[in-house]
Amino acid sequence: MEQAEVDDLRDIRAWGDVYSESLEQSGIESVKQEMAAHHGKLEPEGVYLALSGGGGDGAFGAGILCGWTAAGTRPQFKVVTGISTGALIAPFAFLGPEYDARLKEAYTAISDKDIYTVPSKVKLLLNLGRIESVASTEPLAKLLERLIDEKMFQAIAASGHPDALKLFRQILRASASIPVAFNPVYIKVKAAGQEYDEMHVDGGVMAEVMLYENAINFFTARKKLGSLMPTRPRKLYLIRNAQISPEYESLKPKIGAIGSRAIASLTKSQGMGDLYRIYVLTQRDEIDYNLAFIPIDFHPKRVSEFDTNYMNQEFDLAYNLARSGYKWSKYPPGFEPANSQPASGRQVQP
């Protein structure tokens, strides 16, 4: 498994739970490139952005970014990560305000038919033992071909490989491939002289949002850079494309409804844990933590996952919040630092 690589495209991925020398080296090279572009200096801050999963609720993250541009305070991001719908937003966020119009289009001008197709119930039942998913994301593949064009890709990629754009689109499509619901994406790899079809699905299986986990070690990076290692402050903006509080739902006593609700509840709980995990990481590495999430009082009627009307309302809400100066949370939900004062004004004792 560790040997598997995309043919002629070595060192382009890393496992998030183990140290990656190649990913760390990419980070080091980016620092050197930044200094070269600014006559030996760096930007005052190193700013990171982490985008969570959330399906159609990615309209929230898209709205925050576009409204942030309108406010005139949006920074240039050094690192952008994304899970699921966050991975679809990430390239636009990384490239900056020039791509805001395309980002807005991706979350306000689409519907379910632009993401997936579902065969008839009869066809599903007849092929139940042979199919790999309930729905096909072929429409999403076509949408990605339109949104991620050659010009945009060249602004991100560095390999120059003729198949790089195809692979990039495959990865974005895989990022939204929820197991069972949507078909997996197969990517050709080679290992020990053999060719394999490597199956990829939605990153939400592992986490709802991530930063750099264990793949990068700032201590070793600092040693490699030596005197070039920047001492500037670092800041993380984390956008959770979901509501963080429990949401009531009346269910019919059916296996499908119960199963779907159980998965949704697990995802919400996992997402909450991710916010705390990343907070611990930022405290260790002295990174300023800033969190945004969908307001608890946002409850318009939603008829499907990619309901165009719902996504437009959500985009507008987030856009207006960011344009007027969004108040980012400095801690994970429900967390209070030990030295904070409770409502009574008395100091909490250990």
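Here the structure is a predicted model, which means the values were calculated and not measured.
The aromatic rings of Phe335 and Tyr276 sit perpendicular to each other, their planes meeting at more than 60°, with 30° as the lower class boundary. Ring orientation note: the planes of Phe298 and Tyr310 are tilted relative to one another, at an angle of 30° to 60°.
Formation of a donor-acceptor pair under 3.5 Å by the Ser324 side chain with backbone atoms of Leu321 is found in this model. For the pair Gln313 (side chain) and Pro300 (backbone), a donor-acceptor distance under 3.5 Å is absent. No donor-acceptor distance shorter than 3.5 angstrom exists from the side chain of Ser111 to the backbone of Thr308, with no hydrogens or angles considered. Under a 3.5 Å cut-off, the side chain of Asp114 and the backbone N or O of Ile110 do not form any donor-acceptor pair. At distances below 3.5 Å, at least one donor-acceptor pair connects side-chain atoms of Thr69 with backbone N or O atoms of Leu65. The backbone N or O of His161 sits less than 3.5 Å from a side-chain atom of Ser159, completing a donor-acceptor pair. Remark: side-chain polar atoms of Thr282 are paired, donor with acceptor, to backbone N or O of Tyr279 under 3.5 angstrom. Thr137 contributes no side-chain N or O that, together with a main-chain N or O of Leu140, makes up a donor-acceptor pair within less than 3.5 Å.
When each of Arg240, Arg302, Lys268 is checked for a salt bridge (charged side-chain N to carboxylate O under 4.0 Å, His left out) with Asp57, only Arg302 meets the rule.
Salt-bridge check for Arg13 with Glu198: passed, with a basic side-chain N closer than 4.0 Å to an acidic carboxylate O. Using a 4.0 Å cut-off between charged side-chain N and carboxylate O, Asp288 and Lys330 make a salt bridge. Ion pairing of Glu138 with Arg173 is present here, as a side-chain N (NZ or NE/NH1/NH2) and a carboxylate O approach within less than 4.0 Å. Under 4.0 Å is where a charged nitrogen must lie from a carboxylate oxygen, and between Lys188 and Asp163 no such pair does. Asp149 and Arg102 are joined by a salt bridge, as a carboxylate oxygen and a charged side-chain nitrogen come within less than 4.0 angstrom of each other. A salt bridge links Glu24 with Lys224: the closest approach of a Lys/Arg side-chain nitrogen to an acidic carboxylate oxygen falls below 4.0 angstrom. Residues Arg146 and Glu105 are paired through a salt bridge, judged by an N-O separation under 4.0 Å between the basic side chain and the carboxylate. Using a 4.0 Å cut-off between a side-chain N of Lys or Arg and a carboxylate O of Asp or Glu, Lys104 and Asp316 do not qualify as a salt bridge. Ionic pairing of Asp274 and Arg277 is present here: one or more N-O contacts between side-chain nitrogen and carboxylate oxygen are shorter than 4.0 angstrom.
No side-chain heavy atom of Val189 sits under 4.5 Å from any side-chain heavy atom of Gln3. At a threshold of 4.5 Å between non-hydrogen side-chain atoms, the residues Met152 and Phe92 count as touching. In this structure the side chain of Ile278 reaches within 4.5 angstrom of the side chain of Leu236, judged on heavy atoms. Considering only heavy atoms from C-beta on, Ile258 stays 4.5 Å or farther from Ile255 through its side chain. Side-chain contact check for Ile239 versus Leu51: some heavy-atom pair is nearer than 4.5 Å. By the 4.5 Å heavy-atom criterion applied to side chains, Arg74 and Asp100 are counted as neighbours. Two residues are said to be in side-chain contact when any heavy atoms from C-beta on lie closer than 4.5 Å; Leu275 and Pro333 meet this criterion. A 4.5 Å side-chain heavy-atom check between Asn241 and Thr85 finds at least one atom pair inside the cut-off.
Counted within 6.0 Å of CD on Glu286, heavy atoms from surrounding residues, nucleotides or ligands total 12 or fewer; the atom is thus considered open. Within a 6.0 Å radius of CG in Leu251, more than 12 heavy atoms belonging to other residues, nucleotides or ligands are found.
Using a 3.5 Å distance cut-off with no hydrogens or angles, the side chains of Asp285 and Tyr212 do pair a donor with an acceptor.
Checked against a 6.0 Å centroid threshold, the rings of Tyr116 and Phe182 count as neighbours. Ring centroid separation for the pair Phe315 and Tyr107 does not come in under the 6.0 Å cut-off. For Tyr237 and Trp68, the gap between ring centers is short of 6.0 Å.
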Table please: side-chain donor-acceptor pairs of residues 35-50 below 3.5 Å, with sequence neighbours left out.
from  : atom 1 : to    : atom 2 : distance (Å)
His38 : ND1    : Glu34 : O      : 2.8
His38 : NE2    : Glu43 : OE2    : 3.0

- [ ] Determine, stepwise, if the pair Asp202 / Ser177 fulfils side-chain hydrogen bond (donor to acceptor under 3.5 Å, both in side chains).
- [x] CA-CA 5 Å; Asp202 192 312; Ser177 297; over 6 Å; no
Task: Gln243 and His299: CA distance, side-chain angles, deciding distance, side-chain contact (heavy atoms from CB on, under 4.5 Å) verdict - done: CA-CA 10 Å; Gln243 289 187 346; His299 287 296; 3.4 Å; yes
Task: Glu29 vs Gln33, side-chain hydrogen bond (donor to acceptor under 3.5 Å, both in side chains): CA-CA, chis, key distance, verdict - done: CA-CA 6 Å; Glu29 289 300 320; Gln33 290 168 7; 4.9 Å; no
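Qualifying ring-ring contact (aromatic ring centres under 6.0 Å, His included) partners for Tyr99, counting only residues two or more places apart in sequence or in other chains: none.
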